[in-house]
Amino acid sequence: MTQQWKIAENVIHKIQQAGFEAVFVGGAVRDRILNREQHDIDVATSALPSEIKTIFTKTVDVGIEHGTVLVLDEGAPIEVTTYRTDGTYDDHRRPDSVVFVRSLKDDLERRDFTMNAIAMTASYEIIDYYGGISDIEQRLIRAVGQPQKRFQEDALRMLRAVRFRAQLGFAIENETFTAIKKQAQDIQHIAMERISAELNKIWISDNVFEGIVSLVQSNLANYLPGNFMENLEKWKYCKFTSPSMGWAYLCFLNREQHASIVKAYRLSNKEKNYVQNVLRAYDALLQGWSIVDYFETELSVLEGAYDFAEWQGIELSVTKDQIALIKASLPIESRKDLQANGNDFMEWTNKKRGPWLKDALDKVLLAVLNGSLDNNPDQIREWFLHEFDEG
Ligand code: ATP
Ligand code: MG
């Protein structure tokens, strides 16, 4: 990350040499102050996109209509965005039009929360017009300006507040929270993909339960599928290893409406499959996992299903650590590792391909997995001919 900051410093210096202002802004500044892991570093500038493109030789127009140019000259891509204020808002969504301005203060004013409206110079001096540092010290999420107005402009900000609550463990400042409660219904104007993107971040946060509590207390949950209020207590101990696991748990708590949840939140096919695998593993766990369950199910899926059961207070006969050990002790890791395949079976028996093949493969697999048959071609052949070649 130090390298990234150096690269961004160089970008800022070059913009300054051309006679414009440039500073670090946004999430990376916030996370640097908080000593949290920093992601993409954003630079804001008084230069117009066209001016940025004359300063650097390698640029990509990633969001030029919003003033963002990606600068590639310094070795890693850095997003450079022209100071702007937002144009008019329709439908409680982010505006389509933006107005470029030359003042950093005006740019920071349109940002959502005070902690996200702090800028930093290339020498890491803080520029804080809206009390972001004080709010960070008090661990508060506070809207910049009048909360009500800011949430009317863009309803997604309400869900961002809840997401930051979950990620940072900060409280949402009272007036800001009251405004969310009043305007929660506007979240319905926001595209489901953007809502899912925020929930993804809640799932992998350190404070999932606090996030869900805020979602409920802010009334936002009233407009989001998933019966968060009814299931509130079920979220108490949740800690997810991936966003998909969060979706799996949401579906688990709403099994009758599982299909409609998957659809409402626009989950990808990959996520859908994952959810289904976790639910299947959960059901199997209630009977006790068989050796085939251990064999056929990904470790993360087993561990997730195990967590779900623990959070329901279900007593389990294995410990969580044992799952990986059992899986690792299996004689083979995948069906491909079997030292015989369907072609061998057909050759040995002179029988044509048919449903019997899968049956035979399953039996051999089970015998190898439970240790009654060695995974070696000759032994499999002998065992197979004895078991199957009776007609
Ligand atoms: P993350 O760590 O998830 O990337 P972030 O704060 O960087 O969090 P981004 O969505 O990357 O969030 O946005 C970068 C910056 O742009 C924010 O820090 C904030 O200043 C501003 N911003 C983003 N979304 C909004 C919004 N809906 N309304 C106002 N300002 C916003
Ligand atoms: Mg960001």
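Read the numbers this way: they start at 1 and go in the same order the structure lists the ligands and their atoms.
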| request: Mind telling me whether W203 and W247 have parallel, tilted or perpendicular rings, with 30° and 60° as the class edges? | output: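 Plane angle over 60°, so perpendicular.
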Selected option - heavy-atom contact closest to [atom], from [options]:
atom                    : options               : result
atom 3 (O) of ligand 1  : Q38, R194, R163, Q167 : R163
atom 8 (O) of ligand 1  : M158, R30, H39        : R30
atom 29 (C) of ligand 1 : V25, I190, L108, D112 : D112

N/O separation below 3.5 Å, [X] to ligand 1:
X    : result
R150 : no
K201 : yes
R111 : yes
D42  : no

Using a 4.0 Å cutoff against the non-hydrogen atoms of [X], which atoms of ligand 1 qualify?
X    : result
R110 : 29 (C), 30 (N)
G27  : 5 (P), 6 (O), 7 (O), 18 (O)
G26  : 18 (O)

| query | What residue among E21, R102, R110 forms side-chain hydrogen bond (donor to acceptor under 3.5 Å, both in side chains) with Y83? | reply |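 Among the candidates, only E21 passes.
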| said: Is L156 close enough to touch ligand 1? Criterion: a residue heavy atom under 4.0 Å from a ligand atom. | reply: no
| query | If you measure from each heavy atom of F164 to ligand 1, is any distance below 4.0 Å? | reply | yes
| task | Is it possible for you to say whether I127 and V29 belong to one hydrophobic cluster, with membership spreading through side-chain heavy-atom contacts below 4.5 Å? | result |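 No: no chain of side-chain contacts under 4.5 Å links I127 to V29.
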| Residues clustering with I204 (ILVMFWY side chains joined when closer than 4.5 Å, directly or via others) |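 Same cluster as I204: nobody, lone residue.
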| Min side-chain heavy-atom separation Q217-F177 under 4.5 Å |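 SC-SC contact between Q217 and F177 confirmed.
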| field | Interatomic distance, S244 atom OG to L267 atom CG [nearest 0.5 angstrom] | value | 8.0 Å
| said: If I take atom CD1 from residue I12 and atom NZ from residue K14, how far apart are they, to the nearest 0.5 angstrom? | reply: 13.0 Å
| note | Which of W311, F308, Y249 passes ring-ring contact (aromatic ring centres under 6.0 Å, His included) with W235? It is Y249
